[in-house]
2 protein chains.
Amino acid sequence: MIYTVGEMAKRIGVAPSTLRYYDKEGLLPFVERSEGGIRVFKETDYEWLQVIECLKKTGMQLKDIRAFILMAMEGDSTIDERLELIIRQREAVAQQIADLQETLAMLDFKKWYYETAKAHGTTDVPRNITLEELPEEFREVRRKLRGK
Amino acid sequence: MIYTVGEMAKRIGVAPSTLRYYDKEGLLPFVERSEGGIRVFKETDYEWLQVIECLKKTGMQLKDIRAFILMAMEGDSTIDERLELIIRQREAVAQQIADLQETLAMLDFKKWYYETAKAHGTTDVPRNITLEELPEEFREVRRKLRGK
DNA sequence: TCTTGACTTAAAGTCAGGTTTAAGTTGTAT
DNA sequence: ATACAACTTAAACCTGACTTTAAGTCAAGA
């Protein structure tokens, strides 16, 4: 099965202009052309696009994704380099998850804060609550919000 | 304790120009000025800046953060609205974490892929492995990468 | 008082990651 | 053979979030 740029764009869920832009930026060196110059996407190209999507979700920039793709085009001589890059990116994503979990803790505190405010009709109550009255799970996060 | 824009920027870890930009965009309506027009940050302003940083980390846009800050300036009449916004943002962050965990699974597969390639000197081995030989934990993610 | 560093503003510049436009070409269906 | 949708390119435009620049003002120490 082969696809045009529009069909493949639909399949992976991006605009056709986005795939053309990626091609222009050198991220799609594997895409071939018809006699008339029309892009022809193959089934294996779908896998490459999935890898690009995956790396994009890790927060990697397009120029770094291009470097990875070009390495892959080089063949087996770049296996070590590609492994190192994947390991670094894995660590980066693990860190992003840890950061978001901290953010979630802040939001859980704010949720409690506004629920308590709602129950009393004023934010004065949660704002002025003593450390002892504050549910234990929120003490650390309130300390952090108010500075050292 | 009071701070100038430069001191407060250092304390929260952003450039002074960023705080001036936020002020220009209406995110800092609580910041007062000296006689001569110099911004004077108070201790409670630090808490606001922490809240702004927290909401930024959730992926919220500056214009939406401004709306939240302006609501807070309105006082207790906006408690319900603010609670709803916090709940929505909490859900959004929970979703982001779930998405990143999927990405992490992809990277773990790729890590195994390149480790196996490294051990054999070629990506042919992990690429052509049968579904039965593939470690069970990676079967789902490989299926997803290759399309339905 | 004078110097100096940090402050002020408006406006322009930067960067990433696209999207849109304009003019032209390809390829399929009738 | 012709129509028409979908393709092609280069170049301009857009958005968000800053950053830099230029010209000028404030405030604290010598």
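Order of the sequence lines fixes the chain letters, A, B, ..., with proteins taken first and strands second; residue numbering starts at 1 for each chain.
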Once side chain to side chain contact (heavy atoms under 4.5 Å, CB included) is applied, do any residues pair with B:Val14, and if so which ones, sequence neighbours excluded? B:Ala9, B:Ile12, B:Thr18, B:Leu19, B:Glu53
Base versus backbone protein contacts along nucleotides 16-30 of chain C [heavy-atom cut-off under 4.0 Å; B, S, -]: -BBBB-----SS---
Tell me: CD of B:Glu7 to P of C:dC7, nearest whole Å? 7 Å
What nucleic acid atoms does A:Arg20 come within less than 4.0 Å of, heavy atoms only: base, sugar-phosphate, or nothing? base
Check the phosphate of C:dC7 against B:Arg39, side-chain N and O only, distance under 4.0 Å to OP1 or OP2. Yes or no? no
Using a strict threshold of under 4.0 Å (side-chain N to carboxylate O), is an ion pair present between A:Lys42 and A:Asp45? yes
Report the distance from atom CE of B:Met8 to atom C1' of C:dC7, rounded to the nearest whole Å. 16 Å
In whole angstroms, how far is the P atom of D:dA17 from the CZ atom of B:Arg66? 11 Å
Could you give all pairs that pass the ring pair (Phe, Tyr, Trp, His ring centres under 6.0 Å) test and reach residues 3-35 of chain B, with sequence neighbours left out? B:Phe30-B:Trp48
Atom-to-atom span, CD of B:Glu25 to P of C:dT9 - whole angstrom: 13 Å
Taken to the nearest whole Å, CG/A:Asp23 to P/D:dC7 is 14 Å
Return the value, rounded to whole Å, for the distance between atom CG of B:Leu28 and atom P of D:dA17. 14 Å
Measure the distance from CG on B:Leu19 to P on D:dA17 and round it to the nearest whole Å. 15 Å
Before giving the answer on salt bridge (charged side-chain N to carboxylate O under 4.0 Å, His left out), spell out for A:Asp124 and A:Arg127 the whole-Å C-alpha distance, their side-chain angles and the decisive distance to 0.1 Å. CA-CA 5 Å; A:Asp124 290 351; A:Arg127 189 171 53 249; 2.6 Å; yes
Note: A:Arg142-A:Glu133 ion pair, threshold 4.0 Å (strictly below): no
Do B:Glu84 and B:Arg88 meet the salt-bridge criterion of a basic N to acidic O distance under 4.0 Å? no
